[in-house]
Amino acid sequence: RLIELAPANIGYQRQLAALLLSSGDNPAAQQVIDKALEIQPENASLAEDRIAIALKTSGLDGALSAARQLQTAHPKLPNAPALEGDAYMLAGKYAEAAATYATALKQAPSTMLAVALAKAKAAAGDADGAASTLRDWTKAHPDDKGVFAMLGTYDLAARRFEDAKRELET
């Protein structure tokens, strides 16, 4: 009933989809998210939900297919370049995610992709590679304060205190 009263409130639709998914009604959950995407085709959270549902229902191949379909159908999605990497991340295939994000980052550089690549490398066990990715990004984009902060946390964890201090003070 809430969805009928406020169809533009995507939060209700996401909650309904999560409920349907948790109760095992995957096709209905997908239908709810697909309808929500018709209302807000540039909503990044809905795209992520759609990929997660595809992963649960059809495995990694289904999630990758959903990612590609979303990229084609909704090219203005803010997270479109990252969707295939996101599918790998959700599936726990971190090295594949990192490779996919790296390719996307070369094609369309963005903070989102640099951060996603760093997270994938860290999840794959390459914390130094993650920090290196962020360090390279900050050299090319010295005004990107959010990435400096993230790099600082990586350097703190690696006990590179002087680096962390410099980055966190930037």
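Source: prediction; values computed, not measured.
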Of all heavy-atom pairs linking P78 and P81, the shortest is O-CD, 4.1 Å

- Item | Evaluation steps, side chain to side chain contact (heavy atoms under 4.5 Å, CB included), between R135 and D163 | CA-CA 10 Å; R135 196 166 282 108; D163 290 340; 4.3 Å; yes

Between P75 and A80 the two heavy atoms that sit nearest each other are O-CB, 4.1 Å

Distance-only criterion, 3.5 Å: show the donor-acceptor pairs between side-chain atoms of residues 97-108 and protein atoms not counting sequence neighbours.
unit_1	atom_1	unit_2	atom_2	d
T100	OG1	E96	O	2.9
Y101	OH	G85	O	3.4
Y101	OH	D86	N	3.1
Y101	OH	D86	OD1	2.5
T103	OG1	A99	O	3.1

Test item: H74 side-chain N/O and L70 main-chain N/O as donor-acceptor pair under 3.5 Å = no

Under 3.5 Å donor-acceptor pairs involving side-chain atoms of residues 37-44, not counting sequence neighbours:
unit_1	atom_1	unit_2	atom_2	d
Q40	OE1	N43	ND2	2.9
Q40	NE2	A8	O	3.2
N43	OD1	S45	N	3.0
N43	OD1	L46	N	3.0

CH2 (W137) and CG (L134) are apart, to the nearest 0.5 Å, by 10.5 Å

For this session: Show your working on side chain to side chain contact (heavy atoms under 4.5 Å, CB included) between I51 and D49 and close with a plain yes or no.
Result: CA-CA 5 Å; I51 291 169; D49 292 346; over 6 Å; no

Using distance only, find each side-chain donor-acceptor pair of residues 26-36 under 3.5 Å and give its atom names and separation, not counting sequence neighbours.
unit_1	atom_1	unit_2	atom_2	d
D34	OD1	R50	NE	2.9

Are D128 and D126 packed together at the side-chain level, in the sense that at least one heavy-atom pair is separated by less than 4.5 angstrom? yes

Cluster membership besides L168, Ile/Leu/Val/Met/Phe/Trp/Tyr side chains within less than 4.5 angstrom, sorted by chain and number, is L156, F161

Got a list of side-chain donor-acceptor pairs under 3.5 Å for residues 110-124, not counting sequence neighbours?
unit_1	atom_1	unit_2	atom_2	d
S110	OG	L113	N	3.1
T111	OG1	D144	OD2	2.5
K121	NZ	T133	OG1	3.0

| query | Around K145, counting heavy atoms of other residues, nucleotides and ligands shown, do more than 12 lie under 6.0 Å from its NZ? | reply | yes

Legend entry - Joint hydrophobic cluster, M89 plus L77, side-chain heavy atoms closer than 4.5 Å: no

Is a donor on one side and an acceptor on the other found under 3.5 Å between the side chain of N79 and the backbone of A82? no

Identify all side-chain donor-acceptor contacts of residues 56-65 below 3.5 Å with residues at least two apart in sequence or on another chain.
unit_1	atom_1	unit_2	atom_2	d
K56	NZ	L21	O	3.4
T57	OG1	I53	O	3.0
T57	OG1	A54	O	3.4

Check: Can any side-chain N or O of E167 pair as donor or acceptor with the backbone N or O of F148 at less than 3.5 Å?
Finding: no

Output for pair (L151 CG, R166 CZ), nearest 0.5 Å, gives 8.5 Å

